[in-house]
Amino acid sequence: MNIHPKTKYAYDLLHEGTLALARAEQQGLRINMDYCEKKKAHLTRKIERMERLFKETNFFKHWQHTVKSPVNINSNLQLSNFLYKIKKLEPAYSTTSGQGSTDEDALKQLNIPELNDLLEIRKLKKVRDTYLDAFMREQVDGYIHPSFNLHLVVSYRSSSDRPNFQNNPKRDEESMRIVRSAIYPRPGHQLMEVDYSGIEVRINACINQDKTLVNYMRDPTSDMHRDMAIQIFKLDHFAKGATGHKVLRQATKNGFVFPEFYGDYYKNCAENMACVWGGLSKERWKPGQGIPLEDPMSVKNGLEGIYINLSDQLISKGIKTFDQFTNHLKDIEQDFWNNRFPEYRSWKDRWYWDYQKCGYIDLLSGFRCQGQMDRKQVCNYPGQGTAFHCLLWSFNRVDKTLREGGWDSRLVGQIHDSMLFDAHPDEVERLAKVVQQITCHDLPQFWPWIIVPMEVEMELAGIDKSWAELKPYVFSK
DNA sequence: GGAACTCGCCAC
DNA sequence: AAACGTGGCGAGTTCC
């Protein structure tokens with residue numbers, strides 16, 4: 001695909017961005033080598049112990065018995081052959097090449113306890129071999145210098161390598177802690193991270209100008225994920241802090257709203273959502289099963305700890321089976337695109353039609369994408385690329401401010417919609433104010449097509465604390 | 001013995 | 001009609 005800046009603004013953004021990112025690369029991030037070595041040795045002992053135990057199981061002995069050469073428990077091809085060809089189990093699904101899948105989800109559906117041990121071994125090896133090893137290999141005098149590329153991604157996002165700084169574990173608490181505990185600020189400094197919240201959805205709202213979506217972004221009391229959770233789970237009330245509701249909101253956001261926006265459909269969404277309460281898919285909801293929901297009304301009345309189970313909630317509303325749930329999501333999908341976000345949908349139709357006529361799409365940030373794209377790519381690139389350009393514009397402006405002002409704090413990295421700082425403790429509060437000003441005020445002023453508010457979330461780790469120790473940071477504006 | 005491939009998995 | 005977008009990277013495997 002041939003992609004290029006169409007305007008001078010676009011050219012300058014990448015030119016300045018390359019320089020600003022190069023400065024961040026030069027700064028680098030401090031690695032605690034002592035920690036890495038000890039943790040690696042610890043993980044290795046743990047992995048060896050788990051492998052010994054695994055090799056004593058009847059499952060493994062059967063596996064080894066069926067083949068001539070020694071089994072490599074890291075080989076998914078060997079595992080796939082054993083499970084699906086020798087044991088003749090039915091794979092949950094297959095890979096693109098037709099082989100029975102052995103990924104986490106597929107193995108879990110087989111309900112074989114020994115496979116959970118294998119998954120645990122996989123997880124520890126991933127942490128050791130992909131992350132800790134990379135830090136130790138790439139560090140120079142105790143600092144890693146990840147590269148940030150602006151020329152490799154078709155949608156105009158960035159990428160990072162040697163080591164990739166944009167995929168360090170975050171969601172899994174254990175992996176997160178092991179990996180991010182290796183990364184430190186310079187002595188006496190603090191790590192600070194500033195994220196644009198929900199920037200891709202906000203930018204999509206600017207692009208398609210759907211009234212409902214724009215209003216959701218403008219009204220701070222509204223919450224589209226909450227509204228969709230209420231609709232999907234037929235909740236009578238939604239209590240922001242109540243146990244269970246937060247989980248349902250998160251599940252709705254990641255299992256329905258985002259996939260629908262990106263072009264997925266109700267059947268996959270139903271599978272996504274079923275994973276949340278687990279084990280229920282494709283069978284009758286069992287009463288008393290599923291995640292507990294705190295009763296919002298009793299919370300309101302000052303009574304805590306009254307719970308209803310999610311399955312009871314769904315059964316009481318007449319959704320008793322996975323098939324019924326799937327049909328329910330089909331109706332909701334219709335409503336989603338026909339009634340809730342009709343202008344988003346018509347934008348997609350129009351946008352793709354125009355691309356088919358002229359062969360390219362222009363982003364609001366002044367870039368053009370041309371070449372062969374399918375409908376989803378055509379509709380998704382503008383949000384993805386332009387959202388990153390907002391981050392890059394801010395990154396450049398912050399970099400310039402810190403350099404010209406002779407600050408001791410510095411930018412050290414970027415993860416698509418966030419910036420990472422190595423900050424001097426005396427400058428933290430002033431830094432927060434400057435970054436707030438640039439990201440949420442200066443940026444929308446520079447790009448008048450930004451018609452919804454921008455918001456950032458800040459996190460700060462203590463002095464000399466690692467990247468695993470980030471805590472929410474609020475300051476008085 | 002290295003290039004190119006598949007698969008799985010981490011991030012946004 | 002079909003059914004989620006963008007990357008990097010490690011291990012295993014196959015091909016030449």
Side-chain angles (χ1 to χ4, degrees), chain A residues 1 3 69 71-81 91 93-107 118-119 121-135 137-138 146-172 174-176 178-180 193 195-201 203-204 253-272 329-330 333 348 369 373-388 391 413-418:
Chain A
M1 173 162 13
I3 57 178
S69 45
V71 164
N72 179 349
I73 64 168
N74 299 319
S75 166
N76 290 318
L77 183 59
Q78 292 179 30
L79 180 60
S80 181
N81 285 337
Y93 43 89
S94 295
T95 65
T96 43
S97 72
Q99 188 194 128
S101 172
T102 57
D103 70 12
E104 183 179 2
D105 196 37
L107 293 190
L118 205 54
L119 287 172
I121 293 171
R122 255 192 211 171
K123 184 178 117 175
L124 297 177
K125 279 191 172 161
K126 172 94 178 163
V127 164
R128 182 190 63 178
D129 300 342
T130 302
Y131 298 104
L132 295 185
D133 267 358
F135 292 160
R137 186 182 65 242
E138 299 294 342
S147 293
F148 295 100
N149 314 297
L150 293 178
H151 62 297
L152 296 178
V153 182
V154 288
S155 64
Y156 277 114
R157 265 203 190 167
S158 65
S159 70
S160 169
D161 55 33
R162 295 193 313 170
N164 181 352
F165 192 66
Q166 297 178 319
N167 72 344
N168 294 111
K170 187 171 187 175
R171 288 160 205 161
D172 183 276
E174 189 190 6
S175 304
M176 183 284 286
I178 294 171
V179 171
R180 297 190 181 217
E193 196 167 341
D195 283 53
Y196 269 111
S197 22
I199 192 168
E200 214 170 293
V201 178
I203 295 306
N204 275 323
K253 175 183 165 187
N254 296 325
F256 184 82
V257 179
F258 283 168
E260 285 285 346
F261 278 164
Y262 287 139
D264 207 353
Y265 80 129
Y266 68 94
K267 276 194 180 170
N268 285 338
C269 292
E271 300 267 358
N272 295 342
L329 280 194
K330 187 180 178 182
E333 179 181 81
K348 283 191 181 190
C369 304
M373 291 176 271
D374 65 25
R375 186 187 159 98
K376 269 175 256 171
Q377 292 168 315
V378 165
C379 294
N380 288 336
Y381 287 175
Q384 214 179 79
T386 310
F388 174 68
L391 186 278
Q414 157 272 125
I415 310 174
H416 305 301
D417 65 356
S418 75

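Only heavy atoms go into these numbers, but all of them, side chains included; no hydrogens, no water, no symmetry mates. Here the structure is a predicted model, which means the values were calculated and not measured. The chains referred to below are lettered A, B, ... by the order of the sequence lines, with proteins before strands, and numbering in each begins at 1.
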So, is A/Gln166 close to the C/dG8 phosphate, meaning a side-chain N or O under 4.0 Å from OP1 or OP2?
-> no
A/Asn167 has its side chain closest, among B/dG8, B/dC7, B/dC10, to B/dC10
Atom CG of A/Asn72 and atom C1' of B/dC7 are separated, to the nearest Å, by 14 Å
Taking only side-chain nitrogens and oxygens of A/Asn164, does any of them come within less than 4.0 Å of OP1 or OP2 of B/dC10? no
Tell me whether the OP1 or OP2 atom of B/dG8 has a side-chain N or O from A/Thr95 closer than 4.0 Å.
no
*Under 4.0 Å between a side-chain N/O of A/Asn74 and OP1 or OP2 of C/dG12, yes or no?*
yes
Note to self: Distance criterion of 3.5 Å, no angle test: do you see the side chain of A/Lys126 paired donor-to-acceptor with the base of B/dC10?
What the structure shows: no
A/Ile415 atom CD1 is separated from B/dC10 atom C1', nearest whole Å, by 12 Å
Side-chain N or O of A/Ser101 closer than 4.0 Å to phosphate OP1/OP2 of B/dC7: no
Can you find a donor-acceptor N/O pair under 3.5 angstrom joining the side chain of A/Gln384 to the base of C/dG5? yes
Considering only heavy atoms and no angle criterion, is a donor-acceptor pair shorter than 3.5 Å present between the side chain of A/Arg171 and the base of B/dC10? no
(message) If you compare every side-chain N and O of A/Arg137 against the phosphate oxygens of C/dG10 (OP1, OP2), does one of them come in below 4.0 Å?
(response) yes
**Message:** Can you see if the side chain of A/Tyr266 gets near the phosphate of C/dA3 - specifically, an N or O under 4.0 Å from OP1 or OP2?
**Reply:** no
Whole-Å distance, A/Arg162 CZ to C/dG7 P, equals 19 Å
Separation of C/dG8 atom P from A/Glu138 atom CD, nearest Å, is 14 Å
Picking from B/dC12, C/dG8, C/dG12, the nucleotide nearest the side-chain atoms of A/Lys170 would be B/dC12
Phosphate contact (C/dT13 OP1 or OP2) by A/Ser75 side-chain N/O below 4.0 Å
yes
Has A/Gln78 got a side-chain N or O lying under 4.0 Å from the OP1 or OP2 atom of C/dT13?
-> yes
For B/dG8, does OP1 or OP2 lie under 4.0 Å from any side-chain N or O of A/Thr102?
-> yes
